[in-house]
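What follows is one structure encoded as structure tokens, with my remarks underneath.
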Amino acid sequence: MRYDVTLRIGYDYTSPTDRARNLLRVLPRDIPGVQVIGDWSLTLGPHPSEQRHFTDFFGNVVTSAVWHGRIDEVRITLNVQAERLSVTPLLALATPLSRLSQELAVVRDISADSPLHFTAASRRAPLDRTMTAFARDRLAPGMSVLDAVRAIGTAIYEEMTYSSDATHVDTEAAEAFAKRAGVCQDFSHIMIACLRGVGIPAAYVSGFLRTLPPPGKEKLVGVDAMHAWVRAWVGPETGWIEFDPTNNQTAGTDYITIGYGRDYDDVAPVRGAMRGAGKQTSEQSVDVVVLDG
């Protein structure tokens with residue numbers, strides 16, 4: 001499936017800032033056998049004093065932008081063509097959950113893709129007693145790791161209510177879980193905390209999701225949004241799989257990956273510092289257009 005994606009992010013400041021520095025993680029990444037990135041452009045306005053691109057430890061594309069002068073707004077516009085490939089399911093042995101700790105104990109790989117980086121608590125996905133107990137209650141004797149991931153993801157989908165008013169970007173996973181409400185970021189952090197709590201390595205995935213209009217209606221411009229889901233390591237045979245607890249499904253060709261991290265902090269679309277006074281407002285829109293099937 002090939003897509004044309006346009007992302008627009010805008011910031012307006014009530015008083016001009018005096019110097020600003022940002023790290024942007026908005027450009028989708030090439031993933032061998034899964035995702036291919038074609039032509040792309042990233043426009044920043046006003047034009048930054050310094051700009052460069054690099055990859056971080058996890059292989060995500062990062063843009064560094066610095067403004068030395070006074071600015072009262074920032075406009076970020078990304079246009080990229082991405083192809084999401086159909087992945088043939090692996091014919092592999094399902095690792096029993098009871099053996100996962102033994103399999104992890106013999107892992108010696110410490111590259112960016114190693115499951116060892118995604119087992120411990122992180123700031124936004126802590127090891128929480130309540131969430132761990134919730135996850136354990138969804139496990140059954142003899143269950144495979146893959147089945148455990150699906151069972152826990154489905155349980156979160158059934159327990160939680162999607163609500164953009166219930167949380168904000170800094171809401172902790174435990175608070176969102178207590179409310180049983182939140183957005184995709186909250187669903188993902190809760191699932192990561194649940195999986196790590198029962199010994200399953202889990203990562204945060206940032207990206208885009210193509211949304212379909214109601215039957216008989218035309219797709220509206222700007223209704224797509226940046227999305228988040230979960231990547232879980234289910235054993236040495238199958239490796240990593242991706243599950244979206246917000247929509248209770250395995251991530252497939254409707255998903256476009258920007259990057260992987262231990263939680264949102266590793267793949268925040270815009271992170272930085274500025275010097276100034278007053279308040280800021282922000283806006284975001286995403287359009288995902290299918291180029292062909």
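Keep in mind that this is a model prediction, so the values were computed, not measured. Residues take their numbers from the sequence shown, with the count starting at 1.
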Using modelled atom types and a 3.5 Å cut-off, is there a donor and acceptor pairing between side-chain atoms of Lys179 and backbone atoms of Ala166?
yes

Looking at Ser206 and Ala228, would you say the former's side chain and the latter's main chain have a donor-acceptor pair under 3.5 Å?
no

If you define the side chain from C-beta out and look only at heavy atoms, does anything of Met131 sit under 4.5 Å from Ile190?
yes

Output the distance between atom CD1 (Ile192) and atom CZ (Phe187), rounded to the nearest 0.5 Å.
13.5 Å

Measuring from atom CD1 of Ile76 to atom CD1 of Ile9, what distance do you get when rounded to the nearest 0.5 angstrom?
5.0 Å

Is there a donor-acceptor contact under 3.5 Å from the side chain of Asp30 to the main chain of Ile37?
yes

Return yes if some donor-acceptor pair links the side-chain N/O of Asp263 with the main-chain N/O of Arg124 below 3.5 Å, else return no.
yes

State the CZ-NE2 distance between Arg21 and His68, to the nearest 0.5 angstrom.
7.0 Å

Is the number of heavy atoms from other residues, nucleotides or ligands within 6.0 Å of CD (Glu83) greater than 12?
yes

Taking the side chain as every heavy atom from C-beta outward, state whether Asp266 and Phe58 have any atom pair closer than 4.5 Å.
yes

Between CD1 on residue Ile71 and CZ on residue Arg19, distance to nearest 0.5 Å:
12.0 Å

Please confirm whether the backbone N or O of Asn60 pairs with a side-chain atom of Thr55, one donor and one acceptor, at under 3.5 Å?
no

Between the main-chain N or O of Thr257 and the side-chain N or O of Gln35, is there a donor-acceptor pair closer than 3.5 Å?
yes

Please name the residue in the list His117, Arg196, Arg262 that meets the side-chain hydrogen bond (donor to acceptor under 3.5 Å, both in side chains) test with Ser122.
Arg196

Between the main-chain N or O of Cys184 and the side-chain N or O of His227, is there a donor-acceptor pair closer than 3.5 Å?
no

Heavy-atom pair of closest approach, residues Asn248 and Thr154
OD1-OG1, 2.8 Å

So, Asp128 side chain and Thr130 main chain: donor-acceptor pair closer than 3.5 Å or not?
yes

Between Leu78 and Thr6, is any pair of side-chain heavy atoms under 4.5 Å apart?
no

Above 12 or not: heavy atoms from other molecules or residues under 6.0 Å from CG of Asp39?
no

Is there a donor-acceptor pair under 3.5 Å between the side chain of Gln185 and the backbone N or O of Val169?
yes

With under 30° as parallel and over 60° as perpendicular, where do the rings of Tyr264 and Tyr204 fit, or are they tilted in between?
perpendicular

I want to check something: taking the side chain as every heavy atom from C-beta on, are Thr63 and Leu42 in contact at a cut-off of under 4.5 Å?
yes

List the steps, then state whether ring pair (Phe, Tyr, Trp, His ring centres under 6.0 Å) holds for Trp240 with Phe118.
CA-CA 12 Å; Trp240 293 96; Phe118 305 95; 5.5 Å; yes

Whether the side chain of Ser114 engages the backbone of Leu116 through a donor-acceptor N/O pair (distance < 3.5 Å, no angle test) should be reported.
yes

Hey, are the side chains of Leu27 and Val80 touching, using non-hydrogen atoms and a 4.5 Å cut-off?
yes

Between His189 and Trp229 (judged by ring centroids, cut-off 6.0 Å), do the two rings come close enough to count as a pair?
no

Is the shortest side-chain N to carboxylate O distance from Arg75 to Glu73 below 4.0 Å?
yes

Show me the pairs that pass ring pair (Phe, Tyr, Trp, His ring centres under 6.0 Å) and involve residues 129-170, at least two apart or across chains.
Phe134-Phe177

Check: Tyr3 and Leu291 side chains under 4.5 Å, non-hydrogen atoms:
no

With Arg271, which residues qualify under salt bridge (Lys or Arg N to Asp or Glu O under 4.0 Å), at least two apart?
Asp265

For the atom pair CE (Met226) and CD1 (Ile256), what is the distance rounded to the nearest 0.5 Å?
11.0 Å

Smallest heavy-atom separation, Ala193 atom then Pro126 atom, equals CB-O, 3.3 Å

Report yes or no: do Tyr255 and Asp244 form a side-chain donor-acceptor pair below 3.5 Å?
yes

Closer than 4.0 angstrom, basic N to acidic O: yes or no for Asp254 and Arg84?
no

Could you identify which residues cluster with Val62, counting Ile, Leu, Val, Met, Phe, Trp and Tyr as linked when any side-chain heavy atoms lie under 4.5 Å apart, either directly or through a chain of such contacts?
Leu23, Phe54

Distance-only donor-acceptor check, side chains Thr167 and Asp186, under 3.5 Å:
yes

So, Ser163 and Asp165: side-chain donor and acceptor under 3.5 Å apart, yes or no?
no

Sub-4.5 Å side-chain heavy-atom contact between Arg25 and Asp56
yes

